[in-house]
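Every value quoted in this text rests on a predicted model; they were computed, and no experiment measured them. For the numbers below, each heavy atom of this structure counts, side chains included, while hydrogens, waters and symmetry mates do not.
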Amino acid sequence: MDCDLLVVGSGASGLAAAVTAAWHGLKVVVVEKDAVFGGATAWSGGWMWVPGNALAKRAGIDEDPQQPRTYLKNELGARFDAPRVDAFLDNCPHMVSFFDEHTALKFVDGNQIPDIHGKVDGAATQGHQVIAAPYDGREVGPLIERLRKTMRETSFMGMPIMAGADLMAFLSMTRSLKSFIHVTKRFTRHLLDLALYGRAMQLVNGVALVARLAKSAEDLGVMLMESAPAQRLVFADGVVRGAVVKTAKGEIEIRATKGVVLAAGGFPHDLKRRKELFPRTPTGREHLALPPESCSGDGISLGVSAGGCLVTDVASPAAWAPVSRVTHRDGSDGHFPHIIDRAKPGVIGVLSNGKRFVNEADGYYDYTSAMVAASPEGEEVASWLICDHRFLRRYGLGYARPFPLPVGPFIRSGYLQCGSTIEELAKHCGIAPDALATTVKRYNEHARQGKDPQFGRGSTPYNRKGGDPLHQGPNPCVAPIENGPFYAVKVFPGSFGTFAGLKTNGSAQALDHHDKPIPGLYAVGTDMASVMGGFYPSGGINLGPAMTFGYVAGRHAAGATKYEDDDAAGTGDGASQAAARVPIPTH
């Protein structure tokens, strides 16, 4: 089989590269190891960190293009890679405009979402986030049957809930008539979709992003091949010119004149690399990775086989997230990411010694890295999220849903521990009872006034954004834990993917051990070493760079020298620098 560009992997980065290259006239083939397209992106929240984007500018947010650079310089420190950071910040506004103008991918702004570390110089309180607009699955046509469904644990009866106003409506449906009506309409439509189509058709978050990208790829003539893992790269005169792919009919060689883009999802399920690179993971199995099991390092291995360099000198090898283990009624296991619940008022996280260790309302990466660092040596790395009955019924706790859904099944399955007193709860969890009682007592003394002098919950815009705006108190992130019975869920270190990856340049070309581009080979998404150096400065720093460098790789492979749109991003972040380097078209 012959093509111009071969893309290995079908998450956001791979599909972005494929769509961009195909729009430029290249013949593109995408091969996917799994039986469905979408990779880890389909199970994600779908947010993208893209400073200077067109949606923010249309809303009147016009920040200094140096502000996000300042923030990243302060966040990344010695791991600030100026050429790649510039490539990201200069291209991400044009990426958003390109897809919005020329494809089925449309966006909704997250203009009110702040950067995580609001006390760091350069942190923004608005204008950096976008997410794929909701998508009617019927628009995708037959292709929808080949796309990954929403992650079971983060949906309700298979219905994905969109981050933002949609989620807030579900959490406040018993306190707001407007929210109740919204939820009723959403769920009624979902039941109808299940009856007619057997699956959710109101696509939001990561599944909407994948569906819109896949539809765009199909419209542009991209060949999409599932159940087709790439086995080895093909070379011609020292240049990567394709790959041998395994299919149900046997191996086939796909020759690609412009090269290969590696976008296979990093190595979150590669036990050998996890054991070698992840801290306090002696067998590799202690880590609860959220991506699909097919994300097991294939792209990394292909890149290394071509002389690529695996970068392990990162602040963290993984994009940490606190994760609880769920056992379903059918006996299968699942993982739930604790992204939303930790910032709500009336919950704290403690170690086995009964003591708090972090501001629970900070980012998921921050919570998990603190848990890894603070857990006593020689013990299992884990923590417990502790709340009372009022909290559980109002917000839920992890996979245990809020009222009116019953809590009993989660207690009987062992997912939740329950006690009529804090001391009883502690005994069920294996936590020191007196220590936990003391911790809760001291927390409550200040929480009744909405204060947290120990860790400062609610002290940053990001904290407050994650809290409850309807909470009757001075701090949307703080409330006492005092209305029994009391509940706890055990959480472990997990991740959304890996940060260690192949060394690349600003054009997404894979580099060898001498920092020279490997002809015909690109690496994007989590196959590429994190442009953030293994740090997590803001939500969306996985998908924002993934989409951007996929776009960059597609343009580079196609030999594009001008931006395709007439810069609907206006003068996006870094545009003054970008304009000096890349001509802007007049059409």
>> Assess the residue pair Glu276 and Lys272 against the criterion (salt bridge (charged side-chain N to carboxylate O under 4.0 Å, His left out)); give the C-alpha distance rounded to whole Å, side-chain angles, the decisive distance to 0.1 Å, and a yes or no.
In response: CA-CA 6 Å; Glu276 292 173 351; Lys272 182 175 182 295; 2.7 Å; yes
Between [X] and [Y], is any pair of side-chain heavy atoms under 4.5 Å apart?
| X | Y | value |
| --- | --- | --- |
| Trp384 | Val491 | no |
| Arg274 | His269 | yes |
| Ile431 | Val350 | yes |
| Met371 | Phe492 | no |
| Ile161 | Val204 | no |
| Phe107 | Ile131 | no |
| Pro279 | Pro317 | yes |
| His128 | Ile113 | no |

Do [X] and [Y] have a side chain donor and acceptor closer than 3.5 Å?
| X | Y | answer |
| --- | --- | --- |
| Asp121 | Tyr71 | no |
| His338 | Ser324 | yes |
| Trp49 | Asp115 | yes |
| Ser179 | Ser172 | yes |
| Ser296 | Glu293 | no |
| His117 | Asn74 | no |

> What class does the angle between the rings of Phe336 and Tyr399 fall in, given that below 30° is parallel, 30 to 60° is tilted and above 60° is perpendicular?
Replying inline: tilted
>> Check the orientation of Tyr364 and Tyr536. Use parallel for under 30°, tilted for 30 to 60°, and perpendicular for over 60°.
In response: perpendicular
Please round to the nearest 0.5 Å and tell me the distance separating atom [atom1] of [X] and atom [atom2] of [Y].
| X | Y | atom1 | atom2 | answer |
| --- | --- | --- | --- | --- |
| Arg186 | Thr184 | CZ | OG1 | 12.0 Å |
| Ile481 | Asn483 | CD1 | CG | 10.5 Å |
| Glu153 | Leu290 | CD | CG | 9.0 Å |
| Arg412 | Phe410 | CZ | CZ | 10.0 Å |
| Cys295 | Phe496 | SG | CZ | 13.5 Å |

Salt bridge or not for [X] and [Y], using N-O below 4.0 Å?
| X | Y | answer |
| --- | --- | --- |
| Asp468 | Arg390 | no |
| Asp333 | Arg325 | no |
| Arg280 | Glu379 | no |
| Asp452 | Arg356 | yes |
| Arg79 | Asp313 | yes |
| Arg457 | Glu360 | yes |

Quick one: does [X]'s side chain have a donor or acceptor within less than 3.5 Å of a partner on [Y]'s backbone?
| X | Y | result |
| --- | --- | --- |
| Thr548 | Pro545 | no |
| Gln449 | Ala447 | no |
| Asn444 | Glu482 | no |
| Thr41 | Val210 | no |
| Thr70 | Gly122 | no |
| Arg401 | Gly396 | no |
| Trp47 | Asn542 | no |
| Glu424 | Ser420 | yes |
| Asn205 | Gly46 | no |
| Thr281 | Glu286 | no |

What is the minimum heavy-atom distance between [X] and [Y], and which atoms define it?
| X | Y | answer |
| --- | --- | --- |
| Ser294 | Lys33 | O-NZ, 3.5 Å |
| Leu147 | Val36 | C-CB, 4.0 Å |
| Gly450 | Pro474 | CA-CG, 3.8 Å |
| Ala374 | Leu351 | O-CD1, 3.5 Å |
| Gly534 | Phe499 | CA-CD1, 3.4 Å |
| Val85 | Leu72 | CG1-CD1, 3.8 Å |

> Do Gln417 and Leu425 pass the side chain to side chain contact (heavy atoms under 4.5 Å, CB included) test, and can you show the C-alpha distance, the side-chain angles, and the key distance before you say yes or no?
Replying inline: CA-CA 7 Å; Gln417 296 298 325; Leu425 177 68; 4.0 Å; yes
>> For the CZ atom on Arg448, are there more than 12 heavy atoms of other groups (residues, nucleotides or ligands in this structure) within a distance under 6.0 Å?
In response: yes
>> Taking the ring centre of each residue, are Phe535 and Tyr365 less than 6.0 Å apart?
In response: no
> Checking side chain to side chain contact (heavy atoms under 4.5 Å, CB included) for the pair Phe357/Ser375: CA distance, chi angles, key distance, verdict?
Replying inline: CA-CA 9 Å; Phe357 59 96; Ser375 293; over 6 Å; no
> Excluding sequence neighbours, so at least two apart, what forms ring-ring contact (aromatic ring centres under 6.0 Å, His included) with His287?
Replying inline: Phe278, Trp320
> Excluding sequence neighbours, so at least two apart, what forms ring-ring contact (aromatic ring centres under 6.0 Å, His included) with His389?
Replying inline: Tyr487
> Under the side chain to side chain contact (heavy atoms under 4.5 Å, CB included) criterion, do Val207 and Arg148 qualify, and how do the steps go?
Replying inline: CA-CA 7 Å; Val207 287; Arg148 187 180 301 281; over 6 Å; no
>> Please evaluate residues Asp270 and Lys275 with respect to the criterion salt bridge (charged side-chain N to carboxylate O under 4.0 Å, His left out), reporting the C-alpha separation (whole Å), side-chain torsions for both, the decisive distance (0.1 Å), and the verdict.
In response: CA-CA 9 Å; Asp270 183 332; Lys275 184 177 178 180; over 6 Å; no
> Please walk me through it: do Leu192 and Met201 pass side chain to side chain contact (heavy atoms under 4.5 Å, CB included)?
Replying inline: CA-CA 10 Å; Leu192 180 61; Met201 299 297 278; over 6 Å; no
> Would Arg199 and Asp193 satisfy salt bridge (charged side-chain N to carboxylate O under 4.0 Å, His left out), going step by step from the backbone distance to the final call?
Replying inline: CA-CA 6 Å; Arg199 61 169 295 158; Asp193 288 339; over 6 Å; no
>> Could you check whether Arg394 makes a cation-pi contact with Phe403, meaning its NZ or CZ is under 6.0 Å from the centre of the six-membered ring and within 45° of the ring axis?
In response: no
